[in-house]
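For reference, the structure is listed below as structure tokens.
Basis for what follows: all heavy atoms, side chains included, without hydrogens, waters or symmetry-related copies. By convention in this document, chain letters (A, B, ...) are assigned in the order of the sequence lines, proteins followed by strands, and residues within each chain are numbered from 1.
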Amino acid sequence: MSQQVRVRFAPSPTGYLHVGGARTALFNWLYARKTGGKFILRIEDTDVERSTQESVDGLLRDMKWLGLTWDEGPEVGGPHGPYYQSQRLHIYQEYARRLVANGAAYPCFCSEEELEAKRQKAEEEHRSVHYDGTCRRLSKEEVDRRVAAGEPHVIRVKVPEKDYVLEDLVRGRVEWKAETLGDFIILRSSGMPVYNFCVVVDDADMQISHVVRAEEHLTNTHRQLILYEALGIKPPVFGHASLILGEDKSKLSKRHGATAVGQYAIDGFLREALINFLALLGWNEGNDREIYSVEELIECFALERISKSPGVFDHNKLIWMNGQHLRALPVEKLVPLVEPFLKNALPDDRRLDNPEILRKLVELIQIKMNVLTDAGPVAESVLRASPPENEEAAAMIATDKSKALFAALAEEFAKCEWVRDGYNAAIKAAGKTAEAKGKDLFMPIRVKITGSCHGPELVGILDVLGRDEVINRLKS
RNA sequence: GCCCCCUUCGUCUAGGGGCCCAGGACACAGCCCUUUCAAGGCUGCGACGAGGGUUCGAAUCCCUCAGGGGGCGCCA
């Protein structure tokens, strides 16, 4: 029973869901889905100053957009709730009380000013900066007296003088020597617990089996191991993936540009593509494969193959990958995805309300898109009659030969059957009349109809525009 | 300053003693295909951080150095 895989994603709602967090969530989710385990979402909102409801809402929205559904957490509940840390304060306080009672933790009355002074002194003397244990040596009588007097205090754990070893799933053996850490705070003077303490209490309470997170937490694990020991609880298995970096090789953050998952949705990326990309940034199957569906990722995923070295977020490659997924999509699935982008770009064009035209249009431009936002400009170039885009184009349609061609073609189009074979034959016939063929035949027609020297397949354009519109444009 | 992690083409990566004078992908360049632009195909460009070991043999194992990153908070 206790063998079941239980993993979690535990964001703090102090901003939007960024791609780094999404990748951590993804690794956990994939592992849960792969093993038939549970994926738990926990909101770490103990920092009341910075946590907001808007962030929570955005987080949930983006997780859903990605399809990273959770088995326990906000909105769905579960047997280990509540899943907001702010609603679990009594639990942390109870655990802290227990630690103080058995002597593993103690109240500390040092003021923030005193501590700051000590920190500075330590830095000047080139010692590592950690708490010197002043209040650890207070007598029980004094402690009781000062607590009773209502003197403000925090709770600190007694850090044992021993080395700690972590067998990390991705990094292997990691060791910390005794004395690299001072007695650290688990309960603030306000009574609010601190991150490292909440995590341990919650992961234990929620029976988390594997903690998979980013490397920035690696050194936190030292503290957490100490807390597990103090609590007498067996720690979960840990795995620390490396960081996602910006182009300048520092930890990816806002200043590197778009890092919000929600922004990628707005920018026309597919959730499958973002997931594929994120999965492959710091994980691979051990071969050359690049394109995976979500189902295939679940099938292939293994924690052991998460890589140790950090990776730069290559926006360019994401765009390419999005194009791969987008082109692999059957038109029926693509149409509803592109539709809002088309209507946004061409709000007044009622042809987009016609399902048949819409379908043909999407079919036509699918190959030209990498992201959904590409649809607007391409569609516009087809749907909207435009004058020649430049002098070269203008010259091409201004010749007598071209004019003769357009006249002949208008006539042919008027009487041909309006299907691909029909207007293909019409073009050929008009070409014969005007003595033009190949590039000299097609290019003037393209320019006359769209105003541009390039764009989607010509017959497809005719198909989308329809007979009347095409003849109109030829005669204009 | 202290602690921890990392180091293969510009970028993502395969590789884990001989299969590697290092393979794939993005980007870039050229060619092919094609009525255009894309898409697709082919070719090219391009890397084992440095120095010491170990070994018949090292990108792969060991040590040192260097570089990069992360953490060191009554933030998470």
Side-chain angles (χ1 to χ4, degrees), chain A residues 10-14 44-47 49-51 85 108 110-112 115-116 119 122-130 152-156 166 168 171-172 174-177 179-182 184-196 198-199 214-223 240 242-243 245 247 249-251 277 280-291 307-321 323-324 327 365-370 374 378 381 427 437-447 450 452-459:
Chain A
S12 61
T14 54
E44 309 219 324
D45 55 351
T46 53
D47 183 355
E49 305 276 296
R50 299 196 301 143
S51 298
Q85 288 189 328
C108 166
C110 297
S111 70
E112 292 192 57
L115 293 172
E116 187 49 42
R119 245 195 300 276
E123 213 155 307
E124 278 160 24
E125 293 169 7
H126 304 303
R127 289 179 290 111
S128 61
V129 288
H130 52 66
H153 62 276
V154 301
I155 304 295
R156 311 185 91 109
L166 168 69
D168 191 272
R171 320 206 90 84
V174 180
E175 295 173 272
W176 292 276
K177 295 218 172 57
E179 297 186 10
T180 56
L181 212 54
F184 55 91
I185 294 170
I186 58 174
L187 232 51
R188 300 171 167 99
S189 51
S190 64
M192 286 295 276
V194 133
Y195 167 75
N196 278 303
C198 300
V199 174
E215 193 197 317
E216 53 194 321
H217 291 292
L218 186 56
T219 44
N220 279 328
T221 312
H222 184 191
R223 294 159 199 260
H240 289 89
S242 49
L243 264 17
L245 273 27
E247 310 241 330
K249 307 260 186 167
S250 67
K251 189 162 96 173
F277 179 77
L280 251 37
L281 188 53
W283 174 86
N284 70 80
E285 210 192 333
N287 54 30
D288 291 339
R289 189 164 177 195
E290 303 254 34
I291 303 297
S307 65
K308 293 194 239 251
S309 48
V312 173
F313 191 95
D314 186 353
H315 195 257
N316 229 355
K317 190 156 185 175
L318 207 209
I319 291 175
W320 167 80
M321 192 169 275
Q324 296 294 311
R327 260 168 253 122
I365 65 178
Q366 179 170 24
I367 202 167
K368 311 280 295 180
M369 293 190 280
N370 279 320
D374 291 338
V378 182
S381 74
I427 292 172
K437 57 181 180 180
K439 203 168 171 176
D440 290 336
L441 170 58
F442 286 91
M443 196 48 87
I445 299 174
R446 166 182 297 283
V447 172
T450 70
S452 172
C453 289
H454 35 247
E457 182 199 25
L458 184 58
V459 288

For nucleotides 40-50 of chain B, which of its nitrogen or oxygen atoms have a protein nitrogen or oxygen under 3.5 Å away, and what is each distance?
from, atom 1, to, atom 2, distance (Å)
B:rG40, OP1, A:Q324, NE2, 3.0

Please write out each protein N/O paired with an N/O of nucleotides 14-16 of chain B under 3.5 Å, distance rounded to 0.1 Å.
from, atom 1, to, atom 2, distance (Å)
B:rA14, OP1, A:N284, ND2, 2.5
B:rG15, OP1, A:R305, NH1, 3.4
B:rG15, OP1, A:R305, NH2, 3.4

Please produce a list of atom pairs where a protein N or O lies less than 3.5 Å from an N or O of nucleotides 8-11 of chain B.
from, atom 1, to, atom 2, distance (Å)
B:rU11, OP1, A:K249, NZ, 2.8

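For A:S111, the side chain to side chain donor-acceptor pair (under 3.5 Å) test picks out A:E113, A:E114, with sequence neighbours left out. Under the ring pair (Phe, Tyr, Trp, His ring centres under 6.0 Å) criterion, A:H217 pairs with A:Y195, not counting sequence neighbours. Legend: residues meeting side chain to side chain donor-acceptor pair (under 3.5 Å) with A:R50, ordered by chain and number and at least two apart, are A:D47.
Taking atom P on both B:rA39 and B:rA29, the two are 12 Å apart, rounded to the nearest angstrom. When the C1' atom is used for both B:rG15 and B:rU7, the distance is 15 Å, rounded to whole Å. B:rA50 and B:rG41 have their P atoms separated by 35 Å, given to the nearest Å.
A:N316 places its CG atom 16 Å from the P atom of B:rA25, with the value rounded to the nearest Å. Here the P atom of nucleotide B:rC26 and the CG atom of A:L281 are 16 Å apart, to the nearest Å. In this structure, CD of A:E179 is placed 12 Å from P of B:rC3, rounded to the nearest angstrom. The distance between atom NE2 of A:H130 and atom C1' of B:rG1, rounded to the nearest whole Å, is 12 Å. Separating the CZ atom of A:R50 from the C1' atom of B:rA76 is a distance of 7 Å, rounded to the nearest angstrom. Between the CD1 atom of A:I319 and the C1' atom of B:rA39 there is a distance of 16 Å, rounded to whole Å. Taking atom NE2 on A:H315 and atom C1' on B:rC26, their separation rounds to 13 Å, with Å as the unit. When the P atom of B:rC4 is taken as reference, atom NZ of A:K251 falls 20 Å away, rounded to whole Å.
For the pair A:K308 and A:E215, the salt-bridge criterion is not met [side-chain N within less than 4.0 Å of a carboxylate O].
The minimum heavy-atom distance between A:H240 and A:A214, with the atom names listed, is CD2-O, 3.5 Å.
Side-chain atoms of A:T450 do not come within 3.5 Å of backbone N or O of A:V447 as any donor-acceptor pair.
Across all strands shown, B:rU34 forms no Watson-Crick or G-U wobble pair with both distances under 3.5 Å. Nucleotide B:rC65 is matched to B:rG49 when pairs are restricted to Watson-Crick or G-U wobble geometry with both distances under 3.5 angstrom. Pairing partner, B:rG1: B:rC72, with both Watson-Crick or wobble hydrogen-bond distances short of 3.5 Å. Remark: B:rC28 base-pairs with B:rG44; criterion is Watson-Crick or G-U wobble with both hydrogen-bond distances under 3.5 Å. With a cut-off of 3.5 Å on both Watson-Crick or G-U wobble distances, the partner of B:rU54 is given as none.
A perpendicular orientation is assigned to the rings of A:F313 and A:F277, their planes being inclined by more than 60° (bins at 30° and 60°).
Among the atoms of the strands shown, base atoms are found under 4.0 Å from some heavy atom of A:C110.
When only modelled atom types and interatomic distance are considered, A:N370 and A:R327 share a side-chain donor-acceptor pair under 3.5 Å.
Between A:R188 and B:rA76 there is a side-chain N or O to OP1 or OP2 distance below 4.0 Å.
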